Protein chains: 2
Amino acid sequence: MTDDLDVCLPHDIDQDKIRKWQDQMPDMDYVVSIFKVMADETRLSILWLLSVDEWCVHDLAAAVNSSVSNVSHHLRLLRTSRLVKSRREGQRVFYSLDDEHVIRLLDEAFKHSQHKKKLR
Amino acid sequence: MTDDLDVCLPHDIDQDKIRKWQDQMPDMDYVVSIFKVMADETRLSILWLLSVDEWCVHDLAAAVNSSVSNVSHHLRLLRTSRLVKSRREGQRVFYSLDDEHVIRLLDEAFKHSQHKKKLR
DNA sequence: GCAATAATTGAACAATTGATCAATAATAGT
DNA sequence: ACTATTATTGATCAATTGTTCAATTATTGC
């Protein structure tokens, strides 16, 4: 916790700086929630696969080496986060991306990753 | 778990698709770790503040409304993830970004956020 | 050496998360 | 109506995470 009782104590020169940038700080909530969703190997794999094609739950589970149940749980989170959408076709439910921005984030992140790899 | 014992059972048409994209899937580990680091309000705020200037721990703590101890813990994670670097100046330790890619990720994410806001 | 400021560290705890299992729902074919 | 396939859901449990507190380290000035 921050108590601003440190008036006239050492190191109060930067109060202006603190206030200035505190005021300009954007709302973190939404961005944090997006990063939370993407910060999981299974979900990130799903998103990557959905960025190249449409997939049914069964095949997604096979592709990410997990159970249908587990993948379904993850898909629900992705759906409520509005990152993917679904459509039913017979017994199967097909999922696809529902957010152009996510592709940009994925691209940026994997580009980043590639670059880091070279440095080692 | 996926047992590929479903040979010659319904819905085996897509085995090729599964294998094809499974093989092309990039390594998720590094990207997941970066998203994990960014998926926290305190750390994201710190990163955002560091993207505009250099900060000492004390001021960062004040700016994100947290304790010095807490911020120091977060900074350690950011440091070991190689996203920030530090330099000592007297009693104080100044932190700054150590990864150009992070700025791009931040920009992309907050741009995304801005756009979503308009839609509601 | 001592006191003051700044920062780091480790332990402890509550809260959140991801995976698994069993049960249920939805659809299609016989 | 019954069975098989696909998908969803809820409960449970282990593992991870974020915060707090107390103790420690590092640096400066007296």
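What's counted below: heavy atoms across the whole structure, side chains too, no hydrogens, waters or symmetry copies. None of these values were measured; they are calculated from a predicted model. Proteins come first, then strands; the chains are lettered A, B, ... in the order of their sequence lines, and each starts at number 1.
- Summarising the geometry, the separation between CG on B:L75 and P on D:dG18 is reported as 14 Å, rounded to the nearest angstrom.
- Side-chain proximity of B:N70 to the nucleotides D:dT20, D:dT8, C:dA19 is greatest for D:dT20.
- Contact of the A:L47 side chain with the A:L78 side chain is registered, since non-hydrogen atoms from C-beta on lie closer than 4.5 Å.
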Exercise for review: Show your reasoning for whether side-chain contact (heavy atoms from CB on, under 4.5 Å) applies to B:L44 and B:F110.
Suggested key: CA-CA 11 Å; B:L44 195 64; B:F110 283 108; 4.1 Å; yes
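- Summarising the geometry, the separation between NE2 on A:H74 and C1' on C:dA19 is reported as 7 Å, rounded to the nearest angstrom.
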Distance-only donor-acceptor hits, side chain of residues 31-41 of chain A, under 3.5 Å, sequence neighbours excluded:
residue, atom, partner, partner atom, Å
A:S33, OG, A:Y30, O, 2.6
A:D40, OD2, A:T42, N, 3.0
A:D40, OD2, A:R43, N, 3.0

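- B:E54 CD to B:L60 CG: the interatomic distance, rounded to the nearest 0.5 Å, is 10.5 Å.
- Among the protein residues, B:V57 comes within range of the sugar-phosphate backbone only, with heavy atoms under 4.0 Å from sugar or phosphate atoms but none that close to a base.
- One interatomic measurement links the two molecules: CD1 of B:I46 to C1' of C:dA7, which rounds to 13 Å at whole-angstrom precision.
- For the OP1/OP2 pair of C:dT9 and a distance below 4.0 Å, the side-chain nitrogens and oxygens of B:S72 include no atom meeting the criterion.
- C:dG18 atom C1' lies 8 Å from atom CZ of A:R43, rounded to whole Å.
- With rounding to whole Å, B:W55 atom CH2 is found 13 Å from C:dA7 atom P.
- For the OP1/OP2 pair of C:dA28 and a distance below 4.0 Å, the side-chain nitrogens and oxygens of A:R92 include no atom meeting the criterion.
- Distance, A:R76 CZ to D:dA7 P: 16 Å, rounded to whole Å.
- Counting atom types as modelled, A:S69 pairs a side-chain N or O with a base atom of C:dC21 as donor and acceptor under 3.5 Å.
- For the pair A:Y95 OH and D:dA7 P, the interatomic distance rounds to 9 Å; values are reported in whole Å.
- Closest contact between the side chain of A:D40 and the listed nucleotides C:dG18, D:dT19, D:dA7 involves C:dG18.
- Per the geometry, CG belonging to A:D59 stands 13 Å off C1' belonging to D:dA7, to the nearest Å.
- Within the 4.0 angstrom heavy-atom criterion, base atoms lie near B:V68.
- An aromatic stack links A:H73 and the base of D:dT9, using centre distance under 5.5 Å and interplanar angle under 30°.
- In this structure, a donor-acceptor pair under 3.5 Å is present between the side chains of A:Y95 and A:R79.
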Practice item. Give the C-alpha distance, both sets of side-chain angles, the deciding distance and a yes or no for side-chain contact (heavy atoms from CB on, under 4.5 Å) between B:S51 and B:L97. Key: CA-CA 7 Å; B:S51 78; B:L97 284 193; 4.0 Å; yes
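- For the pair B:V71 and A:L77, nearest-nucleotide mapping onto DNA chain C gives the more 5' position to B:V71.
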With the criterion being N/O to N/O and under 3.5 Å, what pairs connect the protein with nucleotides 27-30 of chain D, and how long is each?
none

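- Ionic pairing of B:R82 and B:D98 is not present here: no N-O contact between side-chain nitrogen and carboxylate oxygen is shorter than 4.0 angstrom.
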